[in-house]
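Presented below is the structure to which this report refers.
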Amino acid sequence: MSYLSKFIYILKQASREEVTTAQHRDYILQVISDYITSSGNSDLFSEIVFLRKQQIIQELPTDPGNLHQIFTCNEAKQVLVTSELSGKPAEFGYIEKLAEVYFGNILMLWAEYERFTIVSKYYLSKKRHSSPITALTCVKNESAYMSEVVDEIRADQRVFMTHHSDILLCLQDAIVLINLEVFVKEQHWYEMLFCLDLSTRGKHFILYHQPNECAYPYLISTALIQGWDRRHRWLSFDAFFQHSKWQLCLPEHAHNVLGRADVFVENLVLNTKSVVDFESSLSRQLLRTEAVCEVLRLTVSGTQKQRMYHLYLGQKMLMRELVKQGYSLAFTIIELPAMLHFYQSLHSAAYMHSSYQDINKNGLVTFKGFWLPDLLSQQFEQHTFRDYNTKIIKQRRRLKEKTVV
């Protein structure tokens, strides 16, 4: 049976109750995987998403948000009904239909496919670790956790437990899986699917916990660290994060903050005409490029309650490690309110906003900014988890009061 016939047959089964099971979804993913392998269409998902994105945007009356906003709007549903995937193999169209019926849309299918490709190879491999995965318990004792910076995760042979799988994974696969679950599936940042490879290699911060009764460590928090030599891969300098919709929001003491980092020329001149001009002016005036990095994809795992402590500890340990690595200034992009509330409550040069955008016009604002790791590390050392939570709550109340007024 051809793959086209298989896709048609699967769609005809859609009304049967048993086809909604996870096992059947895995079967669909396996058939799609086999088709991609046999046809060589490794860019299948990106090609479908790119073409549909262009078609949907043409129908939108206003500026679109991120991919999640684009593919879940009413116009997207109409485009799928009335427009063909012109110039693409017939199989692409049926895979898109399978995505709508069984997964929600093509973005959700793509995310599930990437997860499937990671996990399935362990079930097929004879090297699969058989150690049982135990539930993650949140121990509020810093000495029970370990952190480090791994220069190249592809070379690391250790295996880890994660909150998102019942099998042990090598470090790079564990990091990719956590990024998929947290950023893509939970937060709907499907843009990450186009550059998922960044989570498979390079320098990463990791925080892990190994309970006494477990043979393997539990991966708690991870973050991607890219030095100045890899700035061509920085998200901060990507076109999406530098276009005119980003508004500068530099504080009055911006010169002092950036000067405190001690990485620029003495008489630093800031060009504030636009985000591009501002960041270009910084780049031209850098003296110590080895002390500058970008930190992104900070993830924490666990239940919602566990994540609160893990986020606190993850930031605290990350700052320690950045200081050890010799970084004095870190570019970063943040939209998590808890992190931003804590930084705002400090009234310190430890963190500084540079620009912002309400990408999806839903009130959740994304900020570009800078960490000064040494100062922020000092702040975390001075604040217990209870202090940290208290500051976040108080800052949230202040902002609500301002909104009411």
Side-chain angles (χ1 to χ4, degrees), residues 29 45-46 49 66-68 103 107-122 133 136 147-156 158-209 217-226 230 233-236 238 240-241 293-304 306-307 310-311 313-315 317-318 321 330-336 338-339 359 364 366:
L29 292 168
F45 288 107
S46 61
V49 170
N66 62 13
L67 285 176
H68 175 64
F103 297 89
L107 295 173
M108 297 170 75
L109 170 57
W110 189 0
E112 290 296 341
Y113 173 79
E114 295 293 350
R115 186 189 196 285
F116 176 79
T117 57
I118 293 171
V119 175
S120 61
K121 65 185 179 183
Y122 287 88
I133 301 297
L136 173 62
S147 67
E148 62 184 274
V149 170
V150 180
D151 285 331
E152 178 50 72
I153 59 172
R154 287 182 299 184
D156 198 296
R158 289 173 293 178
V159 293
F160 292 83
M161 297 184 287
T162 73
H163 180 70
H164 306 285
S165 174
D166 60 355
I167 58 176
L168 291 163
L169 302 170
C170 71
L171 181 57
Q172 65 173 350
D173 285 341
I175 290 175
V176 176
L177 183 65
I178 292 172
N179 275 258
L180 276 170
E181 294 290 343
V182 175
F183 286 120
V184 180
K185 294 174 65 177
E186 290 182 18
Q187 300 178 17
H188 305 302
W189 277 107
Y190 294 103
E191 285 80 1
M192 186 177 286
L193 293 169
F194 286 93
C195 52
L196 203 57
D197 64 305
L198 287 176
S199 296
T200 67
R201 53 191 166 83
K203 183 180 291 189
H204 281 73
F205 159 81
I206 61 172
L207 174 70
Y208 51 96
H209 166 56
Y218 231 115
L219 196 57
I220 300 296
S221 178
T222 70
L224 170 66
I225 303 172
Q226 298 190 103
R230 294 185 59 79
R233 301 296 299 268
W234 283 19
L235 204 59
S236 297
D238 183 82
F240 181 83
F241 288 94
C293 68
E294 180 189 60
V295 181
L296 293 175
R297 303 187 180 185
L298 175 62
T299 63
V300 290
S301 297
T303 64
Q304 202 62 37
Q306 289 171 343
R307 288 186 189 188
H310 292 159
L311 180 60
L313 190 60
Q315 292 175 87
M317 297 302 189
L318 172 59
E321 295 297 337
F331 286 66
T332 191
I333 302 172
I334 303 170
E335 70 172 16
L336 195 62
M339 294 174 67
I359 296 173
L364 184 61
T366 302

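On a predicted model such as this, the values are computed, not experimentally measured, just so you know. Values below: all heavy atoms of this structure, side chains included; hydrogens, waters and symmetry mates excluded.
- A cation-pi arrangement, defined by a distance under 6.0 Å to the six-membered ring centre and an angle within 45 degrees of its axis, is absent between Arg297 and Phe205.
- In this structure, Ser236 OG and Gln226 CD are separated by 9.0 Å, a value rounded to the nearest 0.5 Å.
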Checklist entry - Where do Val149 and Ile225 land on the side chain to side chain contact (heavy atoms under 4.5 Å, CB included) test, with the steps shown first? => result CA-CA 9 Å; Val149 170; Ile225 303 172; 4.0 Å; yes
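- Using a cut-off of 4.0 Å between Lys/Arg side-chain N and Asp/Glu carboxylate O, Arg233 and Glu294 are scored as not salt-bridged.
- Salt-bridge formation is not detected for the pair Lys203/Glu148: no Lys NZ or Arg NE/NH1/NH2 atom is positioned less than 4.0 Å from an Asp or Glu carboxylate oxygen.
- A salt bridge does not link Arg115 to Asp173: none of the charged nitrogens lies less than 4.0 Å from a carboxylate oxygen.
- Taking each heavy atom of Leu67 and Glu191 in turn, the nearest pair found is N-OE2, 2.7 Å.
- When all heavy atoms of Leu193 and Leu107 are compared, the closest pair comes out as CD1-O, 4.0 Å.
- When all heavy atoms of Phe160 and Ile206 are compared, the closest pair comes out as CZ-CD1, 4.2 Å.
- Here the CD1-OG distance, from Ile153 to Ser199, works out to 7.0 Å after rounding to the nearest 0.5 Å.
- Put simply, the side chain of Thr222 never gets that close to the backbone of Thr299: no donor and acceptor are under 3.5 Å apart.
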Item to check | Check against side chain to side chain contact (heavy atoms under 4.5 Å, CB included), Leu196 and Leu180 | outcome: CA-CA 8 Å; Leu196 203 57; Leu180 276 170; 4.0 Å; yes
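- The side-chain heavy atoms of Trp189 and Glu335, taken from C-beta on, include a pair separated by under 4.5 Å.
- For the pair Arg307 (side chain) and Gly302 (backbone), a donor-acceptor distance under 3.5 Å is present.
- Of the candidates Phe241, Phe331, Phe240, Trp234 forms a ring pair (Phe, Tyr, Trp, His ring centres under 6.0 Å) with just one, namely Phe331.
- With hydrogens and angles disregarded, a donor-acceptor distance shorter than 3.5 Å links the side chain of Thr117 to the backbone of Glu114.
- Note: Leu318 CG to Thr332 OG1 = 8.5 Å, rounded to the nearest 0.5 Å.
- In terms of heavy atoms, His188 sits closest to Lys185 at CE1-O, 3.5 Å.
- The aromatic rings of Trp110 and Phe45 sit parallel to each other, their planes meeting at less than 30°, with 60° as the upper class boundary.
- A 4.5 Å side-chain heavy-atom check between Leu219 and Ile175 finds at least one atom pair inside the cut-off.
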Checklist entry - Does the pair Leu311 and Leu336 meet the rule for a side chain to side chain contact (heavy atoms under 4.5 Å, CB included), with working shown? => result CA-CA 10 Å; Leu311 180 60; Leu336 195 62; 3.4 Å; yes
Next on the checklist: Set out, in order, the CA-CA distance, both residues' side-chain angles and the distance that settles side chain to side chain contact (heavy atoms under 4.5 Å, CB included) for Ile118 and Ser120, then state yes or no.
Outcome noted: CA-CA 6 Å; Ile118 293 171; Ser120 61; over 6 Å; no
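- In this structure the side chain of Val184 reaches within 4.5 angstrom of the side chain of Tyr190, judged on heavy atoms.
- Counting only heavy atoms from C-beta outward, the side chains of Leu177 and Ser165 approach each other to under 4.5 Å.
- Within the 4.5 Å cutoff, no side-chain heavy atoms of Arg201 are placed close to those of Gln172.
- For the pair Leu171 and His204, the minimum side-chain heavy-atom distance is 4.5 Å or more.
- Put simply, the side chain of Tyr122 reaches to within 4.5 Å of the side chain of Cys170, judged on heavy atoms.
- Of all heavy-atom pairs between Ser301 and His163, the closest is CB-CB, 3.9 Å.
- Within the 4.5 Å cutoff, the side chain of Leu109 has no heavy atoms near those of the Phe116 side chain.
- For the pair Ser147 and Leu207, the tightest heavy-atom approach, listed with the atom from each and the gap, is CB-CD1, 4.0 Å.
- You'll find the ring centres of Tyr208 and Tyr218 outside the 6.0 Å limit.
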